[in-house]
Amino acid sequence: MQVSNSPAPNFSGFAPETTAMRSRLQIDNLLDGKVASEADGEPGADVVCGLTQIPKTLPPKYFYDDRGSELFEQICELPEYYPTRTEAAILRRYADDIAHLTGPADLVELGSGSSTKTRRLLDAYSQLHNSSNGHLAYLPIDVSGGILEQSAYALLDDYPTLSVRGLVGTYERALDRLPPTSFPTRVILFLGSTIGNLTPNECDEFLDRVSRALNPGEYFLLGVDLRKPKSILEAAYNDSQNITAQFNLNMLSHLNSRFDGNFNLNQFQHCAFFNEKESRIEMHLCSQKAQAAVLKNLDLTVEFAAEETILTEISRKFDLDGMQADLKNKGLSPVRSWTDENHWFGVVLSQKQ
Ligand code: AVJ
């Protein structure tokens with residue numbers, strides 16, 4: 001993992017980094033040498049906790065090993081998976097409005113991943129900054145150091161006035177130690193409706209943290225997936241190419257390799273449906289028979305009844321008014337929101353009081 005200012009390895013397909021580029025890049029690791037999912041406490045404690053609960057659950061962050069991140073990128077391209085392209089279209093269309101509303105700003109992004117959608121905002125802000133002759137600062141935060149570094153080099157290549165200060169770590173830790181801003185203001189970005197993975201309580205705590213991290217007058221830009229007919233929602237999580245099923249099952253192979261386990265992927269089935277009452281998609285892995293699985297490194301044997309499921313993800317679907325009210329309660333006053341013509345996805349800009 002990359003530490004402050006040390007030279008980064010080359011990634012094929014990208015221009016080799018130059019000294020000039022390196023001077024515009026700094027990546028700090030907040031994981032203290034531990035891998036992403038082990039940053040908060042004992043390695044795998046959350047897995048043991050989730051699998052010994054009734055009903056069984058696993059944290060969605062275990063989707064994202066290298067294979068899982070690759071499958072997620074494929075999901076974003078699926079015809080049925082509307083959120084990524086809908087949000088990207090909103091950002092393409094309104095990035096200039098957003099930049100004009102906040103004025104020149106540092107951009108901080110939680111869960112930056114490949115930073116693809118962020119480019120529209122970087123374009124808009126770099127125009128704003130050019131006219132004021134300033135530099136553009138981007139602070140991506142991601143648990144995957146590999147993807148963070150790779151996208152940072154690609155961005156430095158494409159944006160000559162950009163400097164990137166990356167943080168490898170969880171949102172929680174990064175939010176608690178954001179470096180001071182060099183510009184008059186700062187915008188924290190949280191795109192892709194990743195906020196939907198949080199339960200209402202977790203969401204509450206998360207918004208408190210965002211609000212605490214911002215100084216009065218600074219901004220929070222949030223992407224949220226909106227309520228819509230069940231058939232559209234369920235299709236997005238049950239695609240005809242079965243990529244989402246592979247993504248879900250990959251969590252078990254990730255656990256097998258991480259914790260020396262023997263989950264049999266052939267004996268579990270992907271299951272995703274819309275829970276109307278909770279307004280959320282639930283993804284489960286359903287045990288096809290009574291069976292046991294062992295995770296040796298965690299000293300854990302898990303027994304499954306036939307048809308018993310593990311809840312691997314919730315993906316909540318929001319309404320814009322409700323989300324704006326929640327933000328307001330946290331001292332984040334809605335400035336403006338944008339949506340697509342179908343009202344399938346929303347982007348909300350709010351400002352810390
Ligand atoms: C990245 C959490 C927003 O909930 O839609 C996609 C993840 N899971 N297909 C989502 C996901 C299944 C995605 N988020």
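Both counts, for ligands and for their atoms, begin at 1 and track the order of listing. This one's a predicted model, so the numbers in the text were calculated from it and none came from an experiment.
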Atom 7 (C) of ligand 1 - nearest protein heavy atom and its distance: Glu313 OE2, 3.3 Å

For the residue pair Ser253 / Asn250, report whether a side-chain donor-acceptor contact shorter than 3.5 Å exists. yes

Tell me, please: is Ser193 in heavy-atom contact with ligand 1, that is, under 4.0 Å? yes

Is there a donor-acceptor contact under 3.5 Å linking the side chains of Thr244 and Asp239? yes

Return yes if a side-chain donor-acceptor contact under 3.5 Å exists between Asp46 and Tyr62, otherwise no. yes

Give me the residue, atom name and distance of the protein heavy atom closest to atom 13 (C) of ligand 1. Tyr81 OH, 3.3 Å

For atom 4 (O) of ligand 1, what is the nearest protein heavy atom, given as residue, atom name and distance? Ser315 OG, 2.7 Å

Can you sort out which atoms of ligand 1 are near Asn197, meaning under 4.0 Å from one of its heavy atoms? 2 (C), 4 (O)

Do Tyr64 and Phe247 make a side-chain contact, defined as non-hydrogen atoms from C-beta onward lying under 4.5 Å apart? yes

Provide, to 0.1 Å, the distance between atom 1 (C) of ligand 1 and the closest protein heavy atom, together with that atom's residue and name. Phe72 CZ, 3.6 Å

Within the 4.0 Å heavy-atom cut-off, what Phe63 brings close to ligand 1 is neither

Can you confirm whether Met323 sits close enough to Leu327 that some side-chain heavy atom of one is under 4.5 Å from a side-chain heavy atom of the other? yes

Measure the shortest side-chain to side-chain distance between Tyr94 and Arg120 over non-hydrogen atoms and say whether it is less than 4.5 angstrom. no

Considering only non-hydrogen protein atoms, determine which one is nearest to atom 3 (C) of ligand 1 and report residue, atom name and distance to 0.1 Å. Gly192 O, 3.0 Å

the protein heavy atom lying closest to atom 9 (N) of ligand 1 turns out to be Tyr237 CE2, 3.6 Å

Check whether the side chains of Ser287 and Lys289 place a donor and an acceptor atom closer than 3.5 Å, and report yes or no. no

Backbone, side chain, both or neither: what part of Tyr64 comes under 4.0 angstrom of ligand 1, heavy atoms only? side chain

4.0 Å heavy-atom contact, Gly196 with ligand 1: no

Between Asn342 and Tyr82, do the side chains contain an N or O donor and an N or O acceptor separated by less than 3.5 Å? no

